[in-house]
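Structure first, commentary second.
Side-chain atoms are counted along with the backbone in the values below, which use heavy atoms only and exclude waters and symmetry mates.
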Amino acid sequence: MQPEQRPQHEPEGPAEYLTVAAEGVHETEVNRSRFLCALAPAATEAEAQEFIARVRKQHPGANHNCSAYVIGADASIQKANDDGEPGGTAGVPMLQMLLRREVRYTVAVVTRYFGGVKLGAGGLIRAYGGAVGEALDAVGTVTRRRFRLVTVTVGHERAGRLENDLRATGREVREVRYGAEVTIELGLPGAEVAEFRRWLADATAGAAHVEVGGEAFGTV
């Protein structure tokens, strides 16, 4: 999933959020009913819906394939689907678990194979929400943090040493491109941009040009 990018004029929103590291499935059992929670990262609502459709196709004989997803660093898109379970007992507790754990850009599908014992509304809420919580623990999450995109242009004679200095000081070098000059793309916390300009001027005797771009989220 590509980092979400925002134009500079938009409100800052959250500084970081969690998302699942990769697709994964975790199974729980409650009173003989099997609950298989499939999780996946989703950059867009369309990706989330495609994943839900794929899981449904994998389990055509299941009693229910309930789903929930949260898209946007600020959780601007939230959807839940009970898929035939009593209203509010499946998709909503799944969604609430994603929100409670501060997980974004993530889709969850809980597939239920009924075991013959009715769980009641409270039991269903605990089972579906719990299935998502356990799956998040099992599959694992990663932190994605907001940073400013910064492009440094410098001559070839200084580029190698500058790149080494950047990496040695813990700065995130995202890409290095070689042409008539060398272009180095970095990700910096917004609060560090002014300090970085001063450091770069000292490190290159003023020979490097820096351009500050928009913002994105990257994995910590």
Side-chain angles (χ1 to χ4, degrees), residues 1-24 39-45 47-48 69-78 95 97-108 136-137 139-220:
M1 182 176 70
Q2 293 299 312
E4 178 214 11
Q5 296 195 24
R6 302 186 298 105
Q8 289 176 259
H9 64 273
E10 287 189 11
E12 285 198 349
E16 63 182 42
Y17 63 87
L18 298 176
T19 191
V20 290
E23 288 189 19
L39 295 172
T44 64
E45 189 169 10
E47 283 188 15
Y69 55 83
V70 181
I71 307 297
D74 56 355
S76 57
I77 299 175
Q78 305 175 19
L95 177 62
M97 181 60 70
L98 293 175
L99 294 171
R100 188 178 309 138
R101 297 284 290 269
E102 299 184 348
V103 175
R104 306 291 186 261
Y105 290 105
T106 297
V107 54
L136 287 170
D137 291 335
V139 174
T141 58
V142 293
T143 301
R144 294 175 68 80
R145 186 168 294 157
R146 190 177 65 241
F147 59 85
R148 180 74 72 180
L149 296 168
V150 176
T151 302
V152 175
T153 304
V154 68
H156 286 264
E157 70 280 3
R158 296 180 183 272
R161 179 174 178 178
L162 176 59
E163 182 182 350
N164 289 338
D165 288 347
L166 289 168
R167 296 185 188 278
T169 53
R171 294 181 170 94
E172 183 196 358
V173 176
R174 295 168 54 82
E175 186 178 2
V176 181
R177 297 186 296 273
Y178 295 89
E181 294 184 291
V182 179
T183 301
I184 304 173
E185 185 178 281
L186 307 167
L188 293 177
E192 295 182 11
V193 172
E195 177 189 346
F196 175 74
R197 287 183 183 275
R198 291 190 291 270
W199 176 88
L200 183 67
D202 289 341
T204 64
H209 171 73
V210 60
E211 180 179 342
V212 179
E215 291 184 337
F217 281 86
T219 303
V220 176

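Listed here is the closest heavy atom pair of Ala43 and Ile71: O-CG2, 3.8 Å. A pairwise comparison of heavy atoms in Val139 and Ala22 identifies CG1-O, 3.4 Å as the closest pair. Taking both residues in full, the closest heavy atoms of Ala21 and Val142 are given as CB-CG1, 3.8 Å, listed atom of the first, atom of the second, then distance. Closest approach of Ala42 and Glu47 over heavy atoms only: CA-OE1, 3.6 Å. When all heavy atoms are compared, the tightest approach of His156 to Gly179 is NE2-O, 2.7 Å. The nearest pair of heavy atoms linking Ala159 to Ile184 is O-CD1, 4.5 Å.
When atom types are taken as modelled, the side chain of Thr19 and the backbone of Pro41 share no donor-acceptor pair closer than 3.5 angstrom. Under the 3.5 Å distance criterion, the side-chain polar atoms of Arg148 are matched with a main-chain donor or acceptor of Gly213. A donor-acceptor pair is defined here as one N or O able to donate and one able to accept, closer than 3.5 Å; no such pair exists between the side chain of Glu192 and the backbone of Leu188. A donor-acceptor contact shorter than 3.5 Å is absent between the side chain of Thr183 and the backbone of Thr153.
Applying the side chain to side chain contact (heavy atoms under 4.5 Å, CB included) criterion to Ala208, with sequence neighbours excluded, gives Val152, Val154, Leu200, Thr204. Remark: Arg161 pairs with Asp165 by the side chain to side chain contact (heavy atoms under 4.5 Å, CB included) rule, at least two apart or across chains.
In this structure, OG1 on Thr106 lies 6.5 Å from CG on Leu98, to the nearest 0.5 angstrom. For the atom pair CD of Glu175 and CG of Leu186, the computed distance is 11.0 Å after rounding to the nearest 0.5 Å. Between the CD atom of Glu16 and the CZ atom of Arg146 there is a distance of 9.5 Å, given to the nearest 0.5 Å. In this structure, OH on Tyr69 lies 11.0 Å from CD on Gln78, to the nearest 0.5 angstrom.
More than 12 heavy atoms of other residues, nucleotides or ligands shown are found within 6.0 angstrom of CD on Glu163.
The shortest distance between side-chain heavy atoms of Tyr17 and Thr141 does not fall below 4.5 Å. Side-chain contact between Arg171 and Phe196 is present, with at least one heavy-atom pair separated by less than 4.5 Å. Two residues are said to be in side-chain contact when any heavy atoms from C-beta on lie closer than 4.5 Å; Leu136 and Val20 meet this criterion.
Classification of Arg104 and Glu102 as a salt-bridged pair fails, no side-chain N sitting under 4.0 Å from a carboxylate O.
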